Amino acid sequence: MERPGPSEGAETSGPDPQLAVTMGFTGFGKKARTFDLEAMFEQTRRTAVERSRKTLEAREKEEEMNREKELRRQNEDIEPTSSGSNVVRDCSKSSSSDTSSSGSEESSDSSDDELIGPPLPPTMAEEPVDRMEQAIGRLPPPLHEEEEDGDDDDDDGGDSEEEENPVQKIPDSHEITLKHGTKTVSALGLDPSGARLVTGGYDYDVKFWDFAGMDASFKAFRSLQPCECHQIKSLQYSNTGDMILVVSGSSQAKVIDRDGFEVMECIKGDQYIVDMANTKGHTAMLHTGSWHPKIKGEFMTCSNDATVRTWEVENPKKQKSVFKPRTMQGKKVIPTTCTYSRDGNLIAAACQNGSIQIWDRNLTVHPKFHYKQAHDPGTDTSCVAFSYDGTVLASRGGDDTLKLWDIRQFNKPLFSASGLPTMFPMTDCCFSPDDKLIVTGTSVQRGCGSGKLVFFERRTFQRVYEIDITDASVVRCLWHPKLNQIMVGTGNGLAKVYYDPNKSQRGAKLCVVKTQRKAKQAETLTQDYIITPHALPMFREPRQRSTRKQLEKDRLDPLKSHKPEPPVAGPGRGGRVGTHGGTLSSYIVKNIALDKTDDSNPREAILRHAKAAEDNPYWVSPAYSKTQPKAMFAQVESDDEEAKNEPEWKKRKI
């Protein structure tokens, strides 16, 4: 009997049941099944090709049978009319020859197999042309049709050029002005639906504007000061529109709801800790903030403590993560602005040394991109903004420039534009909704011209359009993609909204059409009257005509004209106790007042009672009569006796 080999023994024996029980599951020890993916894909491809081939063959057979049936039916219908058959044949021959001469070389085979007999029906005559078009494409039109089509194409091209011109899409035909105050409007925020606008300024106020609820008077429906005596630097609605991030000059950012009630306030950090990553919040003035575009409840702030921090609304007691910008030498540098990318995976910050640093949101240690000379050192870069496609970054520098960067090749700017003066640390820049234009504002000195809103084409970075806003600086600008309206905040306390009735949606169009409500009569009164029930005639008090008559009337009143009674002299009368009555208090007062004893020598006054106390002890002496020794007082000697008793040596010395 032959012994099985090792492989055969392994196959026949199978997995050890005892080992399976020990490991805890029955499948232990079995050989894993392997799959050849390439073979499976090849088998699938072959099956699909075979099925497609069979389907095409069946369809071709069916079409061929239908053609034969139609051809037989036509021959049977045309046989009686033999007289006109020759003419028809000639026409068919000439038409076939024309098609063969005008067609390409590929149609030569079909011209050789000309049919002798009646012509084909229209459906059968058009089918080969359709099949040929499917094979080689549509045949070119005749020459005159080409010329006409060329003219049409030119017209269409002109129309498309006009449509592609991004300047035509700027909604600036109409404008409305919202009066925020007298100081600079330093913050603008518009909710995602475009229903409400919030403005903040250097006057510490935040005002709410509802486009659907406003009329032509353009008045804010609410005004508040969420950060007390701190200038408002940034306002932004969350991606859901139910919360507003308020960044002011303090070190603590706030989140309020749509109606202005506080939701949370970030905690303040410990300014005595050296490593800012070990403290729970910012320790210095904030610059700006931004919501995460995808994650609800997450936002970011940057501060003068040289950190960028991310927060969660549910956890105001500590930040979520800390990003610390550094120079190339590893020193601290203050970020002046920050923002999220459109997908929320990147965080970009511009710093005071002129650098732009971009981090991965999940990696806080080293920046993913770092360009150290984006703008002039020592200038505050006021804004960085990502395009809607997420590949381009625009930066508005304090060195009066606007630059465009490709984050895929972050080694030099794509374009740069200069001559854009700015005097505010929050001057904005933004992209148009179609990503073809970049918008920013310019600053001017008071009385030295007007601030402008400047438009640059993204593809060529040409200065294609300008709008004169007002005789003050243009600080904030916002182009809402849903409304297609442009909001502008100026240095003289105005917020302007630019729109086009044909190109824009809702927003300012809702409140312009409403007429201003007439003031109510109660609001036009010159004096404020307090209307009470006692103002009615039945409760009204009689008016005083003169003081003399009133005094005469009071004289006749026994209560008002009663003479005050003088103090009682003597023992008393009429139930009133006199001054020297029989009471103990009056007796004591009387005797104290009469006692005029003046003890000039207090020792004599005390010793005056010593003889009586010694003869008749009453208070202390009886308690110590058995134990108290007899008191012996020193005798006072006169001056003569002292001189007699004086020793001799003193007398000699004298």
Side-chain angles (χ1 to χ4, degrees), residues 177-185 198-210 213-232 256 259-262 446 492-495 511 514-600:
T177 302
L178 308 177
K179 182 70 175 177
H180 173 84
T182 57
K183 295 186 178 181
T184 302
V185 178
V198 288
T199 59
Y202 280 4
D203 55 358
Y204 322 132
D205 288 338
V206 172
K207 293 192 176 182
F208 292 75
W209 314 79
D210 190 354
M214 278 194 305
D215 57 7
S217 61
F218 306 131
K219 292 182 180 179
F221 73 91
R222 182 164 295 133
S223 178
L224 52 95
Q225 291 185 357
C227 300
E228 296 176 350
C229 297
H230 292 286
Q231 295 176 351
I232 307 299
I256 59 177
D259 297 322
F261 297 102
E262 183 176 326
R446 182 174 296 178
N492 57 356
L494 302 179
C511 56
K514 296 181 180 179
T515 57
Q516 187 173 354
R517 291 191 294 266
K518 293 182 179 180
K520 296 181 180 179
Q521 190 174 1
E523 298 175 358
T524 59
L525 296 175
T526 56
Q527 294 181 351
D528 294 334
Y529 290 96
I530 301 175
I531 301 174
T532 61
H534 297 286
L536 297 174
M538 58 182 0
F539 299 106
R540 190 175 300 155
E541 295 180 358
R543 186 180 299 175
Q544 295 181 0
R545 297 184 178 180
S546 65
T547 311
R548 185 175 60 84
K549 291 184 178 181
Q550 184 65 31
L551 291 175
E552 292 176 355
K553 189 182 294 185
D554 292 343
R555 182 65 66 187
L556 299 176
D557 190 354
L559 294 177
K560 291 184 179 181
S561 62
H562 178 66
K563 182 182 177 181
E565 295 182 0
V568 179
R573 57 188 169 82
R576 298 178 63 190
V577 179
T579 347
H580 306 294
T583 60
L584 177 63
S585 61
S586 62
Y587 174 77
I588 292 173
V589 169
K590 180 180 177 182
N591 285 279
I592 288 175
L594 295 175
D595 191 6
K596 301 288 185 180
T597 306
D598 183 16
D599 296 329
S600 58

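Here the structure is a predicted model, which is why all the values come from computation and not from measurement.
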Please determine whether the number of non-hydrogen atoms from other residues, nucleotides or ligands lying under 6.0 Å from atom NZ of Lys179 exceeds 12.
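Atom NZ in Lys179 is packed in, count exceeds 12.
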Quick one: does Leu224's side chain get under 4.5 Å of Phe208's, heavy atoms only?
yes
If you measure from [atom1] on [X] to [atom2] on [Y], what distance do you get to the nearest 0.5 Å?
{"X": "Ser561", "Y": "Leu556", "atom1": "OG", "atom2": "CG", "answer": "7.5 Å"}
{"X": "Asp205", "Y": "Gln225", "atom1": "CG", "atom2": "CD", "answer": "4.5 Å"}
{"X": "Trp209", "Y": "Leu178", "atom1": "CH2", "atom2": "CG", "answer": "5.0 Å"}
{"X": "Gln550", "Y": "Asp554", "atom1": "CD", "atom2": "CG", "answer": "4.5 Å"}
{"X": "Leu494", "Y": "Thr182", "atom1": "CG", "atom2": "OG1", "answer": "10.5 Å"}

Looking only at heavy atoms, which two atoms of [X] and [Y] are closest? And how far apart?
{"X": "Gln231", "Y": "Tyr204", "value": "N-CD2, 3.7 Å"}
{"X": "Pro226", "Y": "Ile232", "value": "CG-CD1, 4.5 Å"}
{"X": "Ala495", "Y": "Thr199", "value": "CB-CG2, 4.0 Å"}

Check the pair Arg555 / Leu551 against side-chain contact (heavy atoms from CB on, under 4.5 Å), numbers first and verdict last.
CA-CA 6 Å; Arg555 182 65 66 187; Leu551 291 175; over 6 Å; no
Are any side-chain N or O atoms of Asp215 and backbone N or O atoms of Ser217, one a donor and one an acceptor, separated by less than 3.5 Å?
yes
Is it the case that the side chain of Lys207 and the backbone of His180 share a donor-acceptor pair, with hydrogens and angles ignored and the cut-off at 3.5 Å?
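Yes: the side chain of Lys207 pairs with the backbone of His180.
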Salt bridge (charged side-chain N to carboxylate O under 4.0 Å, His left out) partners of Glu552, counting only residues at least two apart
Arg548
